[in-house]
Amino acid sequence: MKHLFIINPAAGKHGSTDALTAQIREILGGKGLDYEIAFTSGAGTGETLARAAAQTGAPVRIYACGGDGTLNEVVNGAAGYDNAAVTNVPKGTGNDFLKIFGKDYRARFSDLAALAEGPQAALDLMDCNGKLGLGVICAGVDARVAADVYKYKALPLVSGVGAYILSLVVNVFKGLTRPTQIRVDGQTLDGLSTIICICNGRYYGGGFMPVGDAQPDDGVLDMLVVPKVSRFTFFRLVGKYAKGLYRQCPQVIRDFHCQEISFTSPEELVAVVDGEVMRSRSFTVRLSGKKINFFYPSDVFWRESLQTANNCEHSFSAASR
């Protein structure tokens, strides 16, 4: 078994790349494992490196060392290859997919020895206009907020959180909705839409959990559609949306659990696939025919964290009554 570490040197704090490479050499080298370290040099190189390793046909475990964007590239390169499995070493600030494994995800997925020896499972993938996603796809005001964050990060004295808040405020007041025709589960929804969210995982946007019981291996995509709402209603309900309490708001949040959704608009739409921005007037998101083998430490599991998420939802619901 070969172990390939694809490291995004732009992710993480200064010195984190050197520290990680030293850790790889110490732990995997100390175990006598066959390993290789490669570095991304720009957009798309993670996908190219992962695909080249998978196409050899030899068993390989690929470690995407970075954030959700690095993981997305590696997933797109290795998807559909039975000989390849991937994981995510959380070197970035955003590792939303790993949160499905519980609150200690960062420490557990930084344990290279546990990862190297851990089990693996075949997970579902979403296909968005040919781009594969593992976690969450959003295509509403939340997607426009995420797509614009980088503009505000470049401003003096604006932090990462500050850039997100600034993008949120600007996009909300520029306009929550877009004219959209949505086809899902045999229905056609015409009109203005505020949020379209498709979940294979559970988290996005740095901690939003729109569907807390989404499972990445059940063959179902969990989808939420929020039609036109006022700014007052948006800010009043965004807390419940973020905590996965959509069932408490059936009058404004519609939920679907199926395998495909399409949406079109006379205006340009923004979709964000695991943090990667796409722009088009027409999108189709469906359950992909490909799967991805994902490996993880043996002492964590997404269904255990699902139970924790459900307990939190029930506690929040009871407290709000």
Is the positively charged end of R108 above the ring of F101, judged by distance under 6.0 angstrom from the centroid and angle within 45° of the axis?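 Checked: cation-pi criterion not met.
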Using the rule that two of Ile, Leu, Val, Met, Phe, Trp, Tyr join whenever any of their side-chain heavy atoms come within less than 4.5 Å, decide whether L224 and V136 are in one cluster.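 Yes, same cluster.
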Got a sec: does the [atom1] of [X] have more than 12 other heavy atoms crowding it under 6.0 Å?
{"X": "K228", "atom1": "NZ", "result": "no"}
{"X": "Q55", "atom1": "CD", "result": "yes"}
{"X": "D82", "atom1": "CG", "result": "no"}

Assess the residue pair Y63 and L115 against the criterion (side-chain contact (heavy atoms from CB on, under 4.5 Å)); give the C-alpha distance rounded to whole Å, side-chain angles, the decisive distance to 0.1 Å, and a yes or no. CA-CA 9 Å; Y63 302 69; L115 279 179; 4.0 Å; yes
Any non-hydrogen side-chain atom of [X] less than 4.5 Å from a side-chain atom of [Y]?
{"X": "D104", "Y": "V300", "result": "no"}
{"X": "R144", "Y": "K174", "result": "no"}
{"X": "T70", "Y": "C65", "result": "no"}
{"X": "T180", "Y": "I196", "result": "yes"}
{"X": "L134", "Y": "I292", "result": "yes"}

Applying side-chain hydrogen bond (donor to acceptor under 3.5 Å, both in side chains), can you list everything that pairs with Y204, at least two apart in sequence or on another chain? D142, Y241
Look only at the side chain of [X] and the backbone of [Y], and say whether a donor-acceptor pair between them is shorter than 3.5 Å.
{"X": "Q259", "Y": "G219", "result": "yes"}
{"X": "D96", "Y": "G205", "result": "yes"}
{"X": "N8", "Y": "L71", "result": "no"}
{"X": "R286", "Y": "S262", "result": "no"}
{"X": "S288", "Y": "K290", "result": "yes"}
{"X": "T194", "Y": "T177", "result": "no"}
{"X": "S280", "Y": "F283", "result": "no"}

Between the side chains of R254 and D185, is the shortest nitrogen-to-carboxylate-oxygen separation below 4.0 Å, so that they form an ion pair?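 Here D185 does not pair with R254 in a salt bridge, since their nearest N and O are not under 4.0 Å apart.
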Between the side chains of D218 and R303, is the shortest nitrogen-to-carboxylate-oxygen separation below 4.0 Å, so that they form an ion pair? no
Exactly one of D222, D213, D255 should register a salt bridge (Lys or Arg N to Asp or Glu O under 4.0 Å) with R247. Which one does?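 One option only clears the test, and that one is D213.
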When the ring planes of Y35 and F5 are compared, do they come out parallel, tilted or perpendicular, using 30° and 60° as the limits?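 Judged by the thresholds at 30° and 60°, the geometry between Y35 and F5 is perpendicular.
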Chi angles and distances behind the side-chain contact (heavy atoms from CB on, under 4.5 Å) call for R178, L269: CA-CA 8 Å; R178 292 291 184 272; L269 297 172; 4.1 Å; yes
Any side-chain donor near an acceptor of the partner, K91 and S16, under 3.5 Å: yes
Distance (rounded to the nearest 0.5 Å) between K2 NZ and R61 CZ: 15.5 Å
K99 side, atom NZ; F109 side, atom CZ - distance, nearest 0.5 Å: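 Answer for the NZ-CZ pair, K99 versus F109, is 13.5 Å.
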For F294, run the ring-ring contact (aromatic ring centres under 6.0 Å, His included) check against F301, F97, W302 and tell me which one passes. F97
